[in-house]
Asker: 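Starting off with a structure, shown below.
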Amino acid sequence: MGDAEIIPIGTRGRPGRGTGTQPSSAARGLAGPPRRRSTPPPGEDAPTDSPDVADPSESDNPPSPEEAPQPPASDRPAASDRSQDPAQAQQTRSGQDGADPRPPTTTEERHPSAGIPVGDWLSAFQHAARELFGEEWEGQLARFLAFLRRRVTGDYVVDEYGFDAEVTQRFFMAALRPIAQKWFRIEVRGIENIPADGGALVVSNHSGTVPVDGLMTMVSIHDHAERFLRPLGADLVFRLPVVNALARKGGATLACQEDAERMLRGGELVGVWPEGFKGIGKPYAERYKLQRFGRGGFVSAALRTGVPIVPLSVVGAEEIYPLVGNVPSLARLLGVPYIPITPLFPLLGPLGLVPLPSKWLLEFGEPIRTDEFEDGAADDPMLVFNVTDQVRETIQQTLYTLLRQRESVFR
Amino acid sequence: MGKVVLVTGVSRDLGRRSARSLASDPAVSRVIGVDAVPPRGDIGEVSFVRADIRTPVIAKVIAKEDVDTVVHMSVIATPGSAGGRGTMKELNVIGTMQLLAACQRAPSVRDVVVKSTTTVYGASSRDPAMFTEDMEPRRAPRAGYAKDVAEVEGYVRGFARRRGDVRVTLLRCANVVGPHVQSPLTSYLRLPVVPTVAGYDPRLQLLHEDDLFAVLHHAVTHEVAGTFNVAGDGVVMLSQALRRLRRPTLALPGFAVGSLGSALRSARVADFSPEQVSFLTYGRGVDTTRMRTELGFHPVRSTAEALTDFGATLPRTGGRAERLLDGLAAAFPEQGETPDRPEPLRPVDDDERRVPGGRHG
């Protein structure tokens with residue numbers, strides 16, 4: 001920097017404010033008066049200059065060391081904009097030949113990175129990487145890049161239902177886990193009732209206006225029993241865009257006899273919610289009252305494949321979106337089973353979509369064996385109804401027990 | 001004395017090449033190719049007879065040549081060169097009727113092999129994940145190729161009832177892909193930018209062209225009657241397939257895909273029939289257990305391998321993100337052991353995260 005000079009505040013004898021073509025007199029004053037003494041070429045002090053003086057509009061340019069120290073040429077577009085002021089223009093021009101009396105402070109074009117050594121950049125990057133990935137960040141990052149590459153090039157395997165285990169484990173479960181653990185504080189009981197391998201049918205009550213209970217059951221079983229739950233979804237799930245693609249990737253398939261039996265024969269842990277829309281869309285006043293369990297199709301699927309039925313009782317899901325009203329005409333128009341009205345939705349708009357943070361209890365009951373019935377039991381409707389009622393009663397009684405044990409809805 | 005095989009639909013590439021692969025078998029003494037127009041490529045030892053299967057001429061061909069095996073391959077998915085939809089329907093349905101009528105009158109005919117397609121199962125949101133041979137489409141097709149195929153299969157079943165002494169094999173083949181295949185699906189995948197139905201990711205099951213020739217050959221030479229799904233192992237999602245082919249995609253709402261499709265169809269670039277659009281929306285999977293156990297056929301290439309072979313001949317139009325990632329990965333030292341499957345993410349409870357912004361040099 002050249003010698004400092006005291007600049008008196010004022011107009012320096014020229015008329016007042018900037019008019020658009022000329023800078024204001026205050027700005028002209030800040031540019032500095034003409035100086036007699038010659039200054040060194042600006043290239044010499046450029047690298048040590050603070051980046052603050054640089055034009056912020058240039059800050060997203062890449063650092064290029066051969067460009068930064070060069071003196072600003074007046075024919076560059078940015079500089080020529082500024083050289084409207086004759087005094088300024090004269091100053092930049094004379095700055096090049098070194099005979100300029102004034103220091104070229106304001107028209108200096110410099111990149112923000114010019115002043116930061118490469119080593120600092122590198123250490124900053126390493127620091128950030130360590131913050132993000134931990135101490136073994138290089139390996140972590142390489143593995144993450146390999147994962148990204150697999151996704152981008154399609155180098156992954158889906159099973160015949162479209163289930164993508166990798167993305168389910170790394171994204172869906174990771175995204176749902178904080179909700180399950182921190183928001184609903186899910187407490188899981190009786191996880192030992194889920195067989196470690198082989199087919200099994202988890203039968204659960206359904207509630208909560210939006211099938212959050214299914215997602216929470218999936219993440220709880222994944223975390224505690226280390227198995228993927230393969231949910232059976234209504235055909236509405238597979239009709240809706242986005243939802244259907246996510247459901248298939250997450251391991252769901254259509255709730256039909258063929259798919260249920262196929263999955264159970266394949267040794268999967270299958271989840272069903274036999275109440276369906278009757279359960280999930282029931283008004284808040286009827287909470288924890290089990291609805292009809294479909295037509296017992298899940299029991300005949302289990303009987304045909306001989307897998308155990310694990311009853312699951314979920315407490316807490318009823319309170320997340322208390323359903324107090326419905327718009328049947330709009331629902332019919334949109335082709336959905338119901339349009340929910342909760343105390344917060346649609347009153348608070350999108351904010352009403354945040355579920356209430358109720359405390360959840362998941363209890364897996366003792367498995368009901370189906371391999372002891374003789375062949376053809378699935379074609380005996382009375383037997384199927386009896387087993388269905390047995391499962392339903394078990395879940396209902398467990399719900400009452402859990403409700404008695406629960407201190408309050410939110411605790 | 002070997003078999004005398006009559007192959008219909010040899011003017012098209014798949015028909016011509018399957019006729020050639022049949023002719024190369026020593027158990028087959030003579031292969032007669034029949035079509036309304038002459039084949040364009042080399043037909044080798046196949047003797048070509050120009051006859052329209054929509055006319056009774058075909059009965060004379062069968063009687064004169066003493067044909068004992070008929071391979072029906074001229075059910076077409078697109079009107080293409082044949083003309084309009086009306087011609088296509090006539091060729092598919094009336095052609096099959098005439099051919100089967102001729103077979104019924106010909107005492108020499110012992111075996112009939114019909115190449116059908118899994119399109120007969122349709123594609124909808126209420127489909128089971130995997131169709132077995134005895135399942136019906138959830139919604140009966142009302143128009144187009146799917147309806148043609150359903151009608152053709154009906155006539156084939158009727159023929160099998162009336163001529164109980166004839167062995168009838170119906171092969172429901174998944175979408176055939178390969179470097180030389182021209183079909184609605186391959187021309188769709190060959191588009192430089194592939195339009196997809198936004199919010200849907202259908203499952204695809206593919207059959208390599210070599211496996212198609214192999215299964216036809218297998219069906220001709222093995223005495224197995226019945227209906228069989230034929231497809232490569234495994235499924236791929238459409239998004240996955242397009243990533244593997246390095247194809248950029250353009251997600252459009254369903255109705256826009258349909259109207260874009262009709263624009264592309266009039267430009268003769270690709271075909272988007274309504275059943276093609278619903279296939280690209282909901283996808284389809286077929287169970288091939290019966291193909292393995294009863295028919296005893298094992299495709300050489302899986303769905304993924306068929307796709308790779310198809311993609312090898314395709315000029316790349318995308319793959320920018322991959323190159324970027326490769327550049328990034330090259331900047332990092334090679335890791336000794338990279339586990340195949342990433343370890344599961346730790347639960348949040350055990351996650352001892354470092355305090356952000358801890359130590360600053």
Side-chain angles (χ1 to χ4, degrees), chain A residues 120 123-124 127 130-131 134-135 138-139 141-149 151-162 164-166 169-171 173-174 177-178 180-182 222-223 226 235-246 248-249 253-254 256-260 262-263, chain B residues 124-132 135 197-203 205 234-237 239-246 253-254 281-283 285 287 304 307 319 321-322 324-326 328-329 332-336 338-339 341-345 347-349 353-354 356-361:
Chain A
D120 285 11
S123 72
H127 189 84
R130 215 172 293 134
E131 289 291 343
E135 282 305 323
E138 280 188 334
L141 191 57
R143 232 169 290 145
F144 180 66
L145 283 177
F147 166 72
L148 267 189
R149 194 180 187 286
R151 301 307 306 182
V152 163
T153 56
D155 186 15
Y156 49 89
V157 179
V158 296
D159 79 354
E160 57 190 28
Y161 307 97
D164 190 336
E166 189 176 53
Q169 194 163 42
R170 291 196 68 137
F171 283 114
M173 292 301 160
R177 191 168 292 125
Q181 292 180 349
K182 304 281 195 226
H222 175 260
D223 287 355
E226 284 165 7
D235 71 333
L236 178 71
V237 169
F238 296 93
R239 212 171 65 214
L240 295 174
V242 185
V243 176
N244 103 93
L246 292 178
R248 283 246 175 250
K249 284 194 174 66
T253 193
L254 184 74
C256 62
Q257 196 77 33
E258 296 93 345
D259 281 12
R262 192 181 176 84
M263 267 193 175
Chain B
S124 80
S125 60
R126 290 181 299 163
D127 285 350
M130 296 309 245
F131 279 101
T132 56
M135 287 183 198
V197 184
Y200 292 90
D201 199 359
R203 291 164 303 135
Q205 235 179 349
V235 300
V236 290
M237 311 301 278
S239 63
Q240 190 186 7
L242 293 173
R243 287 175 193 174
R244 288 190 180 192
L245 296 174
R246 314 286 188 274
T281 308
Y282 300 110
D287 179 90
L307 187 74
E322 184 203 355
L324 178 77
L325 282 176
D326 281 348
L328 271 177
F332 289 98
E334 194 62 41
Q335 289 299 303
T338 315
R341 195 138 294 288
E343 61 266 50
L345 293 180
V348 170
D349 279 349
R353 208 164 268 268
R354 284 167 51 89
R359 186 169 50 86
H360 288 284

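Chain identifiers are assigned alphabetically (A, B, ...) following the order of the sequence lines, protein sequences preceding nucleic acid strands; residue numbering begins at 1 within each chain. Everything quoted here is computed from the prediction, not taken from an experiment. Only heavy atoms go into these numbers, but all of them, side chains included; no hydrogens, no water, no symmetry mates.
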Asker: Measure distances from A:Leu254 to the heavy atoms of chain B and classify the residue's part below 4.5 Å as side chain, backbone, both or neither.
Answerer: side chain

Asker: If you count heavy-atom pairs under 4.5 Å between each of A:Arg151, A:Met173, A:Met263 and chain B, which one has the most?
Answerer: A:Arg151

Asker: Restricting to non-hydrogen atoms, name the atom on B:Tyr282 and the atom on A:Phe238 that form the minimum distance, rounded to 0.1 Å.
Answerer: CE2-O, 3.7 Å

Asker: Using heavy-atom distances under 4.5 Å, tell me whether A:Ser123 contacts chain B through its side chain, its backbone, both, or neither.
Answerer: neither

Asker: Among A:Thr253, A:Leu246, A:Asn244, A:Val243, which has the most heavy-atom pairs under 4.5 Å with chain B?
Answerer: A:Asn244

Asker: Please give me the minimum heavy-atom distance between A:Ala245 and B:Gly199, naming the atom from each residue.
Answerer: CB-O, 3.8 Å

Asker: Looking at every heavy atom in both A:Gly154 and B:Arg244, which two are closest together, and how far apart are they?
Answerer: O-NE, 2.5 Å

Asker: What part of B:Ala304 gets closer than 4.5 Å to chain A, counting heavy atoms only: side chain, backbone, both or neither?
Answerer: neither

Asker: At a heavy-atom separation under 4.5 Å, does B:Arg126 approach chain A through its side chain, its backbone, both, or neither?
Answerer: both

Asker: Taking all heavy atoms of A:Tyr156 and all of B:Ser239, pick out the closest pair and write down the distance.
Answerer: OH-OG, 4.3 Å

Asker: Below 4.5 Å from any heavy atom of chain B, which atoms of A:Phe144 appear? Answer side chain, backbone, both or neither.
Answerer: neither

Asker: Could you report the tightest heavy-atom contact between A:Val158 and B:Val236, atom names first, then the distance?
Answerer: CG2-CA, 4.4 Å

Asker: Do you know which of A:Val152, A:Leu236, A:Asp235, A:Asp155 has the most heavy-atom pairs under 4.5 Å to chain B?
Answerer: A:Val152

Asker: Let me confirm one number: the CD-OG1 distance from B:Gln240 to A:Thr153, rounded to the nearest 0.5 Å.
Answerer: 9.5 Å

Asker: Which atoms of A:Leu240 come close to chain B, meaning under 4.5 Å heavy atom to heavy atom: side chain ones, backbone ones, both, or neither?
Answerer: backbone

Asker: Measure B:Phe131 against the heavy atoms of chain A and call it side chain, backbone, both or neither at under 4.5 Å.
Answerer: neither

Asker: Counting heavy-atom pairs closer than 4.5 Å to chain A, which one of B:Ala129, B:Ser124, B:Ala198 comes out on top?
Answerer: B:Ala129

Asker: Which atom pair, heavy atoms only, marks the closest approach of B:Arg203 to A:Gly162?
Answerer: CD-N, 3.7 Å

Asker: Please flag which part of A:Asp164 lies under 4.5 Å from any non-hydrogen atom of chain B: side chain, backbone, both or neither.
Answerer: neither

Asker: Under a 4.5 Å heavy-atom cut-off, does chain B meet the side chain of A:Arg262, its backbone, both or neither?
Answerer: side chain

Asker: Between A:Arg248 and B:Asp201, is there a side-chain N and carboxylate O pair less than 4.0 Å apart?
Answerer: no

Asker: Can you find a pair of side-chain heavy atoms, one from A:Asp259 and one from B:Met130, that are under 4.5 Å apart?
Answerer: no

